[in-house]
Protein chains: 2
Amino acid sequence: MNTASSASDCVASWCADDDWCGVTCTMEVLGRKWNPVVVHRLLERDSLRFGELAEELGDVTNKVLSESLEDLEDRGVVERTVENEKPVRVRYSLTERGRSLEPVVGALEDWGEDHLADDC
Amino acid sequence: MNTASSASDCVASWCADDDWCGVTCTMEVLGRKWNPVVVHRLLERDSLRFGELAEELGDVTNKVLSESLEDLEDRGVVERTVENEKPVRVRYSLTERGRSLEPVVGALEDWGEDHLADDC
DNA sequence: CAGTATCCACAAGGATACTG
DNA sequence: CAGTATCCTTGTGGATACTG
């Protein structure tokens, strides 16, 4: 389980006017290990099922991916759609808010691509 | 956007040629709690001493800030300069590589600023 | 297929006190 | 001033097994 916001809360007074609060705010959404990658995949593929996502990410277990998706859903970034069929099917896609992360994830990707040679 | 993604070489075996590797790469640098904020401050102030940084960040202890700075130094993002004076003084600034993170941190900040009202 | 349920491990953050 | 040194707690992640 997880609460909406953990240790540092952007609404808290201690960071009210600080301009780096925006950075912290975004990191609460993208700070969890698989979150940025999940958003990245969904930006490209529009909609993916649980299994497809797991396969693309490669090294993630059901439990961890499930937690990551639940977290993103709670934060209004990802939308979960259950299709009533015999074998249950679930589609994951980005909400409007999720799609608004495109410039952020794009920047993360660009910088990373430019520095893969270095070390990472 | 680059949906095609030139799928550059990824050094880590576990993420071989996956195009989301760039995202992961960047997150290794900015994933640690205070790292993005430290970089953000240094982008604005150019150079800060340990105490100044601690004061600006507010809720960080000496130990944690120290670890964060060491991590950033190891990753070639931050540069540490010791000035030989009576009370030891140390200046922290960004390397060229660190300054190249400006678009990334800028994107993090912009998104966060636009969503502070929501929840974070 | 799309998850839960358990149990475990460990990095990292935090509190507090001390020092060259 | 700019850290270390300790010790403690917790959040995540991971492995494995099971299910509607």
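Residue numbers start from 1 in every chain, and the chains themselves are labelled A, B, ... in the order their sequence lines are given, proteins ahead of strands.
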Notebook entry, point to check: Would you say a side-chain N or O of B:Tyr92 is under 4.0 Å from OP1 or OP2 of D:dG3?
Noted result: yes
*asked:* By the 4.0 Å heavy-atom rule, please label A:Arg80 as base, sugar-phosphate, or nothing.
replied: sugar-phosphate
I'd like to know if A:Glu56 and A:Arg45 make a salt bridge, using a cut-off of under 4.0 Å between side-chain N and carboxylate O.
yes
note: B:Glu52, atom CD; D:dC1, atom P; distance rounded to Å ~ 10 Å
For A:Met27 and B:Pro36 the tightest heavy-atom approach is CG-CG, 3.8 Å
For C:dA2 and A:Arg91 - does any side-chain N or O of the residue sit under 4.0 Å from the phosphate oxygens OP1/OP2?
no
Pairing of A:Arg99 and A:Glu96 as salt bridge, 4.0 angstrom limit = yes
Are the side chain of B:Ser93 and the backbone of B:Asp46 linked by a donor-acceptor contact shorter than 3.5 Å?
no
With the side chain defined as heavy atoms from C-beta on, B:Phe50 is closest, among D:dA15, D:dG3, C:dG14, to D:dG3
### Query
Closer than 4.0 Å, any side-chain N/O of A:Ser66 to the OP1 or OP2 of C:dA2?
no
Fill in: A:Glu55, CD: over 12 other non-hydrogen atoms inside 6.0 angstrom
no
In whole angstroms, the gap separating P of C:dA12 from CG of B:Leu65 amounts to 16 Å
Whole-Å distance, A:Asn84 CG to C:dA2 P, equals 13 Å
Any strand, both distances under 3.5 Å, Watson-Crick or G-U wobble: C:dG20 pairs with D:dC1
DNA chain D nearest-nucleotide lookup for A:Val88 and A:Ser68: closer to the 5′ end is A:Ser68
Determine the contact category for B:Val64: base if any of its heavy atoms lies under 4.0 Å from a base atom, sugar-phosphate if only primed atoms, P, OP1 or OP2 are that close, otherwise nothing. base
- Has B:Arg89 got a side-chain N or O lying under 4.0 Å from the OP1 or OP2 atom of D:dA2? no
Does A:Lys86 have a side-chain nitrogen or oxygen under 4.0 Å from the phosphate oxygens OP1 or OP2 of D:dG20? no
To the nearest angstrom, the CH2-P distance between B:Trp34 and C:dG14 comes to 6 Å
When rounded to whole Å, the CG to P distance for the pair B:Asn62 and C:dA15 reads 12 Å
Indicate, yes or no, whether a donor-acceptor pair under 3.5 Å links the base of C:dG3 to the side chain of A:Lys63. no
Checking D:dG13, D:dT16, C:dT16 against the side chain of A:Arg32 (C-beta onward), the nearest is D:dG13
(message) C:dC1, OP1 or OP2 - any side-chain N/O from A:Arg49 closer than 4.0 Å?
(response) no
Any strand, both distances under 3.5 Å, Watson-Crick or G-U wobble: C:dA15 pairs with D:dT6
A:Glu56 atom CD is separated from C:dA2 atom P, nearest whole Å, by 13 Å
When rounded to whole Å, the CE to P distance for the pair B:Met27 and D:dT12 reads 12 Å
- Query: Taking it one step at a time, do B:Arg41 and B:Leu48 satisfy side chain to side chain contact (heavy atoms under 4.5 Å, CB included)?
  - Reply: CA-CA 8 Å; B:Arg41 294 324 286 168; B:Leu48 287 169; 4.1 Å; yes
Separation of C:dT4 atom C1' from A:Leu69 atom CG, nearest Å, is 14 Å
